[in-house]
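Fair warning: this is a prediction, and the values are worked out from it, not measured in the lab. Note on naming: letters A, B, ... go to the chains in the order of the sequence lines (proteins, then strands), and numbering restarts at 1 for each one.
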Amino acid sequence: MSRRTKHYWLMKSEPDAFSIDALKKVGVEPWNGVRNYQARNHMRNMQPGDGVLFYHSSCEVPGIVGVAEVASDPYPDPTQFDPKSDYYDPKSTREQPRWDLVDVKFVKKLKRTIPLDEIKGHADELGEGFALIQRGSRLSVLPVTAAQWKLLLSLE
DNA sequence: GCCAACGTTGGC
DNA sequence: GCCAACGTTGGC
């Protein structure tokens with residue numbers, strides 16, 4: 001594993017399923033259940049220490065609610081092998097796993113939610129390519145530039 | 001390899 | 001709860 005500069009990401013979670021408060025409680029959580037290749041590929045590019053914006057989706061006020069940190073290298077998502085899991089993937093084998101994940105560690109909860117609504121208001125500064133505010137984008141794990149990271153957290 | 005049908009995401 | 005947008009599946 002080679003050292004490199006810190007990278008930044010945004011990860012979505014439905015608070016009913018797993019909220020920032022839940023992460024605070026457990027401290028570290030394996031980010032299992034991602035079954036989208038693009039999102040998986042982003043996780044494969046993660047390294048311990050990378051910054052994560054924790055985002056609540058499908059809820060009353062969708063938006064960024066906290067900061068977390070990548071706490072492991074990518075490794076195969078164990079739920080893909082478990083027939084009893086909702087995330088079971090019969091096409092995945094231990095020899096050739098399809099789905100990887102990383103552990104995510106709680107850093108802090110923001111004093112307030114930064115609503116998607118408000119984030120959209122900064123579209124010019126964030127740039128056209130920011131997947132979070134792209135029309136129709138459903139990507140649940142996406143890269144954030146250092147400049148975007150700084151701007152978004154300055155809104156707190 | 002095309003594309004219709006289907007399932008899922010996620011804002012509203 | 002609705003539905004637009006997107007990704008995946010599978011018949012041909």
(request) Check each residue of residues 117-126 of chain A for a non-hydrogen atom within less than 4.0 Å of any atom in DNA chain B, then write out the ones that pass by number, or none. (result)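 A:K120 - these, ordered by number, are the residues of the stretch whose heavy atoms sit under 4.0 Å from the strand.
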
Name each donor-acceptor pair under 3.5 Å that joins a side chain in residues 144-151 of chain A to protein atoms two or more places apart or in another chain, with its distance.
unit_1, atom_1, unit_2, atom_2, d
A:T145, OG1, A:Q148, N, 3.0
A:T145, OG1, A:Q148, OE1, 3.3
A:Q148, OE1, A:T145, N, 2.8
A:Q148, NE2, A:L126, O, 2.8

(request) Between B:dG11, C:dT8, C:dG7, spot the one nearest the side chain of A:P62, thanks. (result)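 Closest of the options to the side chain of A:P62: B:dG11.
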
(message) Which nucleotide wins on minimum distance to the side chain of A:R138, given the candidates B:dG11, B:dT9, C:dT8?
(response)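 The closest nucleotide is B:dT9.
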
Length of the line joining [X]:[atom1] and [N]:[atom2], which is rounded to integer Å:
X: A:Y37; N: B:dT8; atom1: OH; atom2: C1'; value: 15 Å
X: A:L132; N: B:dG11; atom1: CG; atom2: C1'; value: 11 Å
X: A:H56; N: B:dT9; atom1: NE2; atom2: C1'; value: 16 Å
X: A:Q134; N: C:dG7; atom1: CD; atom2: C1'; value: 16 Å
X: A:E60; N: B:dC12; atom1: CD; atom2: C1'; value: 12 Å
X: A:E14; N: B:dG10; atom1: CD; atom2: C1'; value: 8 Å
X: A:N36; N: B:dT9; atom1: CG; atom2: P; value: 9 Å
X: A:L116; N: B:dT9; atom1: CG; atom2: C1'; value: 14 Å

(message) Base, sugar-phosphate or nothing for A:S57? Non-hydrogen atoms, less than 4.0 Å.
(response)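 Sugar-phosphate, backbone atoms only, no base.
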
Heavy-atom pair with the smallest gap, counting every atom of [X] and [Y]:
X: A:S92; Y: A:R98; value: OG-N, 3.1 Å
X: A:I64; Y: A:Y55; value: N-CD1, 3.9 Å
X: A:N36; Y: A:W99; value: N-CZ3, 3.5 Å

(message) Whether A:K12 contacts B:dT8 is assessed here as follows: a side-chain N or O lying under 4.0 Å from the phosphate OP1 or OP2. Is that the case?
(response) no

(request) Return no unless some side-chain N or O of A:Y87 is found under 4.0 Å from OP1 or OP2 of B:dT8. (result) no

(request) For A:Y88 and A:Q80, run side chain to side chain contact (heavy atoms under 4.5 Å, CB included): C-alpha distance rounded to whole Å, both residues' side-chain angles, the deciding distance at 0.1 Å, then the answer. (result) CA-CA 4 Å; A:Y88 178 59; A:Q80 71 194 302; over 6 Å; no

(message) Quick one: does any side-chain atom of A:N45 pair with a main-chain N or O of A:N41 as donor and acceptor, under 3.5 Å?
(response)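 Yes, the answer is positive, given that a donor and an acceptor are paired below the 3.5 Å cut-off.
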
(message) For A:M46, is there any backbone N or O sitting under 3.5 Å from a side-chain donor or acceptor partner on A:D50?
(response) no

